[in-house]
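Here is the structure we will look at.
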There are 4 protein chains.
Amino acid sequence: MAVLTQNNRSFSTMAAARAGREHLVQQALQLFKLHGYHNTTMADVGKAAGLLKGSVYYYFDGKEQLAVEAMRHVRASSSKQIFSLAYDESRSPRERLANLTQAVEDYFIDSEGGCLMGNLALETINTLPQFAQLIRAYFDEWRQALVHLLRSQYEQDRAGQLAQDAVARIEGAIMIMRIDGDPAVLRRANRDIATWLR
Amino acid sequence: MAVLTQNNRSFSTMAAARAGREHLVQQALQLFKLHGYHNTTMADVGKAAGLLKGSVYYYFDGKEQLAVEAMRHVRASSSKQIFSLAYDESRSPRERLANLTQAVEDYFIDSEGGCLMGNLALETINTLPQFAQLIRAYFDEWRQALVHLLRSQYEQDRAGQLAQDAVARIEGAIMIMRIDGDPAVLRRANRDIATWLR
Amino acid sequence: MAVLTQNNRSFSTMAAARAGREHLVQQALQLFKLHGYHNTTMADVGKAAGLLKGSVYYYFDGKEQLAVEAMRHVRASSSKQIFSLAYDESRSPRERLANLTQAVEDYFIDSEGGCLMGNLALETINTLPQFAQLIRAYFDEWRQALVHLLRSQYEQDRAGQLAQDAVARIEGAIMIMRIDGDPAVLRRANRDIATWLR
Amino acid sequence: MAVLTQNNRSFSTMAAARAGREHLVQQALQLFKLHGYHNTTMADVGKAAGLLKGSVYYYFDGKEQLAVEAMRHVRASSSKQIFSLAYDESRSPRERLANLTQAVEDYFIDSEGGCLMGNLALETINTLPQFAQLIRAYFDEWRQALVHLLRSQYEQDRAGQLAQDAVARIEGAIMIMRIDGDPAVLRRANRDIATWLR
DNA sequence: GATGAATGAGACTTCATTCAT
DNA sequence: GATGAATGAAGTCTCATTCAT
């Protein structure tokens, strides 16, 4: 009945497995974001996904891999939902920048725990260099999306600086927002950035 | 030889004791900043100070207290070296702002590990609420120093917003600086902020 | 082969699990009784059960819980093997009292380490009040069993006093027996008590 | 001025030292009785005597010696205040027994923590055999005092049994008194024993 | 006499990981 | 797929003890 693949697992099984895996990644993502990498246990992740600690190892080699996949997940969804808006050639750069900043705002204002990438960056950059490249790639992609837009009005170097500044401002705003519990800083940052294109 | 004080401890002993405690706080500060709170062990702190792990407990009740004292240390030294510059009434607000941003830049550019307060904020704000008030107090003091200056030119509300934005920009810049290893973002942020007073 | 239950655990697995837990409780009981609460380590308990110290925490939240379960075990087995004899309505109160005292004697004479409840009482009553209620409940149940019998011949108050005295005598006798290594005191105490009903 | 002894310490110094030592023994006695041997720290003892932990080692070789001296102190004061009453040849045995039981009652009813010897017996008899002989000697002396009185009316063996039973009853009563917080059991035990001589 | 400082063993506990079932 | 069981390393913390001053 079920079509078997070369791995001797049926499609439906694979789908379930993929769902289980994906679910775990999402729970891990939330937990790492909220409680940090070192303060999140495999048991926490399993429990959040309705599994026991040992079961997590069916899907993942270990905690590091789980974090890596959580970061990949964040990057993929950010690419798709946010950064891609920079390349929507049907709209003006200014419009696209407005959309992008709005998307950033929506994404982070409701994100309990702030920005996974920023959090993990500060927590692990000196001790888990394996994570650094993923973190850098994420911020690079974000920056490049902004550069792509800012180039319509600024020369390359300046566009690069502004993009970098924009990312920094937003990450800083997210930090302050978490500390103060007030999203106004983040809103102002995005509003400002949106004005950088006339 | 040793001059005895009313506490029956010689100056040299007191100095040594204070030095031992103070030394530990400084080592802990560095380690928490570089490796994070959960990824720094009491043994690490002891070793960095030339002691065994058990000896750290002679000076501190536990790891939390050590972190609290590290945060207090950061606050005290920032107050004295940085925030106080905002209240040097012998200079113009603009000059003072320039001094303050320069001090911030000097302080953080050479600070391996970035900003202890920011790092601990992101790592612990959802799990160690005891730390939150110290973190908030630190950023408040920073903000107030900036407000004090910006009030010379802006109305209260706007000054408050700008101060908040300045802090956020700098913290964000520190994060990006750590990730990219390039202090330019932090320099630009400070330069920008310095222009907010004419 | 293994019959699965609704909990998706085979009988043999369940039995093993229960056995593991139960085994630990019994080892802990012996060790607490012999060496005291504070002088028994989790490593001791684990080793006695053929496990490593960390494994004990798979079954129990901590040392206190282990002690609580050991006390519950003692209470349950005493209820079943000893105190219940007081309520065997097929025999005369006098016969039942004889049976009960005999059971007490058998139980404690071969019990290396004496009476867990009495030992823990003296060791922890001023420092671990969590244990006190379990200890009191144990002695209450014992006393009530005796009251139930003594009421056949004594009025309520006197029965209560005698029951209390009986328990005290036996606990005192167990103490002296441990110190002197001679079970005669305990035998005499039980013999005396058995004569309280004609 | 101060007369020096061969130890190069003046009499007044020796007196102070002896006072310091004695004070420590008394504090240790209280703490061991209340909290048990393993649950009393050298720091606790020092603090109770107004000293720091390290200073206790000026007077004692270690914790065991402190316990030994506490036990010796209990024995000495019991000998003098209680057991000696059995040998007051100016009174009848019956009177002496009454006095002795009354002294026992007074001694233990106000003694927070019960009986040091009984407590230490149950806590350490299987793990610190060094203590056992002191504990046995204490109970032996008590028993012998009783035997001395009971011999006026009972033959040697019976007197020995009764003495043993009396000690056991009182120790059991002290235990129950601590658990229940009601001194009535101890009072009844002593009253009963006092009737053993006509 | 007394203290501050340090030690090191060992306690309780957590946790990532493994593995048979 | 998932679990229960077990591990062992490591982490926080305690404490008896030592010793220079």
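Residue numbers start from 1 in every chain, and the chains themselves are labelled A, B, ... in the order their sequence lines are given, proteins ahead of strands.
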C:Met42 and C:Val56: which non-hydrogen atoms are nearest, and at how many Å? CE-CG1, 3.7 Å
Can you identify which nucleotide, out of [options], has its nearest atom closest to the [X] side chain?
X       : options               : answer
A:Tyr57 : E:dT13, E:dA16, E:dT3 : E:dA16
D:Lys63 : E:dA2, F:dT12, F:dT17 : F:dT17
D:Tyr59 : F:dC13, F:dT3, E:dA2  : E:dA2
A:Lys53 : E:dC15, F:dA2, F:dT17 : E:dC15

Distance only, no hydrogens: is a donor on one side chain within 3.5 Å (strictly under) of an acceptor on the other, for D:Glu22 and D:Gln26? yes
Which whole-number value in Å describes the distance from [X] [atom1] to [N] [atom2]?
X        : N      : atom1 : atom2 : result
C:Tyr58  : E:dT18 : OH    : C1'   : 14 Å
C:Leu52  : E:dT17 : CG    : P     : 19 Å
A:Met42  : F:dA2  : CE    : P     : 15 Å
C:Phe60  : F:dA6  : CZ    : P     : 12 Å
D:Lys47  : F:dC15 : NZ    : P     : 12 Å
C:Asp44  : E:dT13 : CG    : P     : 14 Å
C:Asp61  : E:dC15 : CG    : P     : 13 Å
B:Leu128 : F:dT12 : CG    : C1'   : 14 Å

So, do [X] and [Y] sit near enough that their side-chain heavy atoms are less than 4.5 Å apart?
X        : Y       : answer
C:Gln27  : C:Lys47 : no
C:Glu112 : C:Leu34 : yes
A:Tyr59  : A:Leu51 : yes

For DNA chain F, produce a single dot-bracket line, 5' to 3'. Pairs: Watson-Crick or G-U wobble, both distances under 3.5 Å. Symbols: ( ) within strand, [ ] crossing, | other strand, . unpaired. .||||||||||||||||||||
Of C:Gly54 and B:Gly54, whose nearest nucleotide on DNA chain F comes first from the 5' end? C:Gly54
Which residues share a side chain to side chain donor-acceptor pair (under 3.5 Å) with A:Glu69, sequence neighbours left out: A:Arg21, A:Gln65
With sequence neighbours left out, the residues meeting side chain to side chain donor-acceptor pair (under 3.5 Å) with B:Asn126 are none
Short side-chain N/O contact to F:dC15 OP1/OP2 from D:Thr41, under 4.0 Å: no
With a 4.0 Å cutoff (strictly under), does any side-chain N or O of B:Ser55 reach OP1 or OP2 of E:dA5? no
Mind checking ring-ring contact (aromatic ring centres under 6.0 Å, His included) for B:Tyr37 and listing every partner two or more places apart, or none if nothing turns up? B:Phe32, B:Phe131
Report the residues that fulfil ring-ring contact (aromatic ring centres under 6.0 Å, His included) with B:Tyr57, sequence neighbours left out, ordered by chain and then residue number. none
Taking side chain to side chain contact (heavy atoms under 4.5 Å, CB included) as the criterion, tell me which of C:Leu134, C:Leu29, C:Val25 meets it with C:Val74. C:Leu29
Under 4.0 Å between any heavy atoms, over every strand shown, what does B:Gly62 touch: base, sugar-phosphate, or nothing? Just pick one. sugar-phosphate
Those residues of residues 24-40 of chain A lying under 4.0 Å from DNA chain E by at least one heavy atom: A:Thr40
